[in-house]
Asker: 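Provided herewith is a single structure, encoded as structure tokens, for subsequent inquiry.
In this chain, residues are counted from 1 in sequence order. One-based numbering, in listed order, for ligands and for the atoms of each.
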Amino acid sequence: MTAMSPIARGFHRRRQEPAENAGRVPPGQYVTKDFPVLSAGPTPHTALDRWSFSIGRSGRQKTWNWAEFRALPSQDVTVDIHCVTKWTKFDTAWQGVSVDTLLDLAGHDGPFAMAHCDGGYTTNLPVADLTGGKAWVAYAYDGQPLAPEHGGPARLLVPHLYFWKSAKWVRSLELRDTNDPGFWENYGYHIYGDPWREQRYAGD
Ligand SMILES: Nc1nc2c(c(=O)[nH]1)N[C@H]1C(S)=C(S)[C@@H](COP(=O)(O)O)O[C@H]1N2
Ligand SMILES: [Mo]
């Protein structure tokens with residue numbers, strides 16, 4: 001076998017994404033067709049008749065029950081997602097309510113948000129990263145109700161940041177004056193998490 005053999009070339013090719021993906025895969029990421037499940041704890045199963053979603057300052061939040069939430073204007077979005085464990089998945093198709101819509105109905109007063117979830121997971125984001133058509137509370141994936149292991153009944157979808165910011169089983173977005181770290185941010189993940197600047201860990 002020489003260095004020119006197809007096997008040798010194939011081996012080397014796998015280290016790099018194909019040219020057609022250039023500009024679409026953040027540094028250090030590889031493309032997968034799978035949809036891995038990554039959860040820090042067990043999957044909660046909240047019945048829809050006990051589910052609600054709230055947004056706003058602590059103590060004066062706007063709250064919708066499931067039927068009310070599903071009646072809000074929704075959007076279909078197809079986006080690429082990037083996990084800090086280095087997989088990138090192209091063209092994921094979601095349906096959900098834009099956070100712009102939720103903040104408009106609640107009365108916007110940022111500047112920061114803490115997402116709270118069933119099971120206790122939290123993650124922090126600047127409100128500027130949740131507005132301007134950049135974030136949704138999604139309840140369907142690929143035309144089907146969002147599977148519990150992927151965050152159903154509903155999850156945050158913030159595709160321009162690493163996917164740990166896309167809180168599964170999200171129940172509220174609490175607006176705050178301070179950018180306090182959430183669950184993974186407390187364990188050393190980057191406070192902001194921009195995949196294009198490879199902000200995986202604190203100090204990156
Ligand atoms: N509530 C909650 N949301 C979460 C997590 C979690 O453990 N709990 N994991 C985060 C991480 S690290 C990633 S990569 C994605 C994984 O989403 P998936 O399981 O649908 O691929 O969810 C994020 N949202
Ligand atoms: Mo992740």
Asker: Would you call Lys33 and Asp91 a salt bridge, using N to O less than 4.0 angstrom?
Answerer: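 Salt bridge between Lys33 and Asp91, a charged N being under 4.0 Å from a carboxylate O: no.
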Asker: At a non-hydrogen distance cut-off of under 4.0 Å, which region of Phe35 contacts ligand 1 (side chain, backbone, both, or neither)?
Answerer: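 Contact part for Phe35 vs ligand 1: side chain (C-beta onward).
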Asker: According to a hydrophobic-cluster definition based on side-chain heavy atoms being under 4.5 Å apart (Ile, Leu, Val, Met, Phe, Trp, Tyr only), do Trp64 and Tyr139 belong together?
Answerer: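 Hydrophobic grouping puts Trp64 with Tyr139.
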Asker: What do you reckon, does Ser39 have a nitrogen or oxygen under 3.5 Å from a nitrogen or oxygen of ligand 1?
Answerer: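 In fact, backbone or side chain, Ser39 has no N or O that close.
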Asker: Going by heavy atoms, is Gly119 under 4.0 Å from ligand 1?
Answerer: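 The answer is no, since Gly119 has no heavy atom less than 4.0 Å from ligand 1.
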Asker: Could you identify the single nearest non-hydrogen protein atom to atom 9 (N) of ligand 1 and state the distance to 0.1 Å?
Answerer: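 Checked against all protein heavy atoms, atom 9 (N) of ligand 1 sits closest to Leu38 O, 3.2 Å.
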Asker: Does a donor on one side chain and an acceptor on the other come within less than 3.5 Å for His82 and Thr88?
Answerer: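 His82 vs Thr88: donor-acceptor pair found between side chains.
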Asker: Hey, are Glu185 and Lys165 close enough for a salt bridge, meaning a charged N less than 4.0 Å from a carboxylate O?
Answerer: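 A salt bridge is present here (some side-chain N lies under 4.0 Å from a carboxylate O).
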Asker: Starting from atom 14 (S) of ligand 1, find the nearest protein heavy-atom neighbour and note its residue, name and distance.
Answerer: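 Nearest protein contact, heavy atoms only, for atom 14 (S) of ligand 1 is Cys83 SG, 3.2 Å.
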Asker: Does Lys134 pair with Asp129 as a salt bridge, N-O distance under 4.0 Å?
Answerer: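 Salt bridge: no.
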Asker: Measuring from the heavy atoms of Arg155, does anything fall under 4.0 Å of ligand 1?
Answerer: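 Under 4.0 Å: yes for Arg155.
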Asker: With a 4.5 Å limit on heavy-atom distance, are the side chains of Glu149 and Ser39 in contact?
Answerer: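 SC-SC contact between Glu149 and Ser39 ruled out.
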Asker: For ligand 1, which atoms sit closer than 4.0 Å to a heavy atom of Val37?
Answerer: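 Those qualifying, in numeric order: 19 (O).
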Asker: Go through the side-chain N and O atoms of Ser54 and Lys62 and say whether any donor and acceptor fall under 3.5 Å apart.
Answerer: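 No pair is found: no donor N or O on one side chain lies under 3.5 Å from an acceptor on the other.
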Asker: Is there any N or O on Ala40 that sits under 3.5 Å from an N or O of ligand 1?
Answerer: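 Yes: some nitrogen or oxygen of Ala40 is under 3.5 Å from one in ligand 1.
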Asker: Against heavy atoms of Trp169, which atoms of ligand 1 measure under 4.0 Å?
Answerer: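 So the answer, numbered in order with elements, is 1 (N), 2 (C), 8 (N).
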Asker: Between the side chains of Arg60 and Asp109, is the shortest nitrogen-to-carboxylate-oxygen separation below 4.0 Å, so that they form an ion pair?
Answerer: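 Here Asp109 pairs with Arg60 in a salt bridge, since their nearest N and O are under 4.0 Å apart.
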Asker: For ligand 1, which atoms, with element, lie under 4.0 Å from some heavy atom of Ala167?
Answerer: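 Per the distance check, 3 (N), 24 (N).
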Asker: Any heavy atom of Ser166 sitting closer than 4.0 Å to ligand 1?
Answerer: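 Judged by the 4.0 Å heavy-atom criterion, Ser166 does count as contacting ligand 1.
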Asker: Can you tell which part of Tyr121 has a heavy atom less than 4.0 Å from ligand 1: side chain, backbone, both or neither?
Answerer: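 Side chain only.
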Asker: Salt bridge check, Arg50 against Asp118: does any charged N sit closer than 4.0 Å to a carboxylate O?
Answerer: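 Result for this pair is no, no salt bridge flagged.
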Asker: Examine Lys168 against ligand 1 and note whether any of their N/O atoms are separated by less than 3.5 Å.
Answerer: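 Yes, Lys168 has an N/O under 3.5 Å of an N/O on ligand 1.
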Asker: Can you sort out the partners of Lys89 under side-chain contact (heavy atoms from CB on, under 4.5 Å), two or more places apart, ordered by chain and number?
Answerer: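 With sequence neighbours excluded, Lys89 shows a side-chain contact (heavy atoms from CB on, under 4.5 Å) to Phe35, Ile81, Trp87, Thr92, Tyr141, given in chain and number order.
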Asker: Do me a favour and list the nearest non-hydrogen protein atom to atom 13 (C) of ligand 1 with residue, atom name and distance?
Answerer: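 Atom 13 (C) of ligand 1 sits closest to the protein heavy atom Phe163 O, 3.8 Å.
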Asker: Please write down residue, atom name and distance for the protein heavy atom closest to atom 11 (C) of ligand 1.
Answerer: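 Result for atom 11 (C) of ligand 1: Trp164 CA, 3.6 Å.
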Asker: Looking at Cys117, which atoms of ligand 1 are within less than 4.0 Å of one of its heavy atoms?
Answerer: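 By the 4.0 Å cutoff, the relevant atoms are 1 (N).
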Asker: Check this for me, if you would: do Arg176 and Glu174 make a salt bridge, where the nitrogen-to-carboxylate-oxygen distance has to be below 4.0 angstrom?
Answerer: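 Salt bridge: yes.
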Asker: Which of the atoms of ligand 1 are close to Pro36, meaning less than 4.0 Å from one of its heavy atoms?
Answerer: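 Numbered from 1, ligand 1 contributes 18 (P), 19 (O), 21 (O).
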Asker: Output yes when the distance from some N or O of ligand 1 to some N or O of His150 is under 3.5 Å, and no in every other case.
Answerer: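 For ligand 1, there is an N or O atom that lies under 3.5 Å from one belonging to His150.
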